[in-house]
Amino acid sequence: MRNRLEEMRSRCGWTQQELAERVEVSRQTIISLERGRYNPSILLAFRLARQFGTQIEDLFLYSPEDDRDE
Amino acid sequence: MNERKAWITNRVRLGWGLVVLGVALLVAGGILGVLNAGSGWNYGVIGGLGILAAGFGVGQVLRYRPALRDEASARRVVAEERDERTVQIRTRAGNRAWIVSAVFVWIALMWVSYASNGNVPALAGDLLWWYLVTAFAVPITVYAGSIMLDERSS
């Protein structure tokens, strides 16, 4: 699933480590999320969206093709 | 004490508990060995279990105790341990290793059944030892390999 995590993180001026600490995951998880290799749980998606003061739909961009990648 | 530090403290306590249990088993194995020297039993197996428990306990203490020094370390360690992606990767690896392990048990069950009819050699002596070594080592290899592969691909 595509997402705007890297873009929003850069806009906030946070490092991957800083974002990881804010949402209490490992830095590797942030890297995997930004590369689109890992889809977060709904709870983590909410935590991330809350950090950026946005909605999940603005952060994670779902398209029907994503179902085929699962 | 916050929830993170309490979680780490429990891990450290568990580690020390295992160290104490391990040392107790080691001592008990030694004492039983001396008291029953002529019994034909080797109580080293109890001491061996003690070394395993103590080693695991020391590992726990070394891993978690430094994280109690400051809040940043505590936060980082808890985040690493509870990280959902890490948990998912470990769970997947555990499932794969369990399946492989179950296959080895099933093969042993079939083997012993056939051996009782004389269709295959009995699973005993060196053959049994090598079979158990393989049945122990292969699932662990599958577990570690699965984690390495999933760490790279997800």
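Just so it is clear: chains get the letters A, B, ... in the order the sequence lines come, proteins before strands, and each one is counted from 1. Keep in mind it's a predicted model, so treat the numbers as computed, not measured.
- Of all heavy-atom pairs spanning B/Ser154 and A/Ser32, the tightest one is O-OG, 3.0 Å.
- Transitive grouping of hydrophobic side chains (ILVMFWY, heavy atoms separated by less than 4.5 Å) keeps B/Leu26 and B/Trp16 in distinct clusters.
- Within a 6.0 Å sphere centred on CG of B/Asp70, other residues, nucleotides and ligands contribute more than 12 heavy atoms.
- For the pair B/Glu80 and A/Gln28, the minimum side-chain heavy-atom distance is 4.5 Å or more.
- For chain A, the nearby part of B/Gln88 is the side chain; its heavy atoms alone come within less than 4.5 Å.
- Within a 6.0 Å sphere centred on CZ of B/Arg92, other residues, nucleotides and ligands contribute more than 12 heavy atoms.
- With respect to A/Glu24 and B/Arg82, no salt bridge is recorded, no charged nitrogen being found less than 4.0 Å from a carboxylate O.
- Here the CD1 atom belonging to B/Ile89 is positioned 7.5 Å from the OG1 atom belonging to A/Thr29, to the nearest 0.5 angstrom.
- At a threshold of 4.5 Å between side-chain heavy atoms, the hydrophobic network of Ile, Leu, Val, Met, Phe, Trp and Tyr places A/Tyr62 and A/Leu5 in one connected group.
- Looking at A/Arg37 and B/Ser153, their side chains never come closer than 4.5 Å, going by heavy atoms from C-beta outward.
- Under a hydrophobic clustering in which Ile, Leu, Val, Met, Phe, Trp and Tyr are joined whenever their side-chain heavy atoms come within less than 4.5 Å, directly or via other members, B/Ile51 and B/Leu14 fall into different clusters.
- Within 6.0 Å of CZ on A/Phe52 lie more than 12 heavy atoms contributed by other residues, nucleotides or ligands.
- The contact between B/Arg4 and chain A is made entirely by side chain atoms (from C-beta outward), counting heavy-atom distances below 4.5 Å.
- Side-chain N/O atoms of B/Arg85 and A/Ser26 include no donor and acceptor closer than 3.5 Å.
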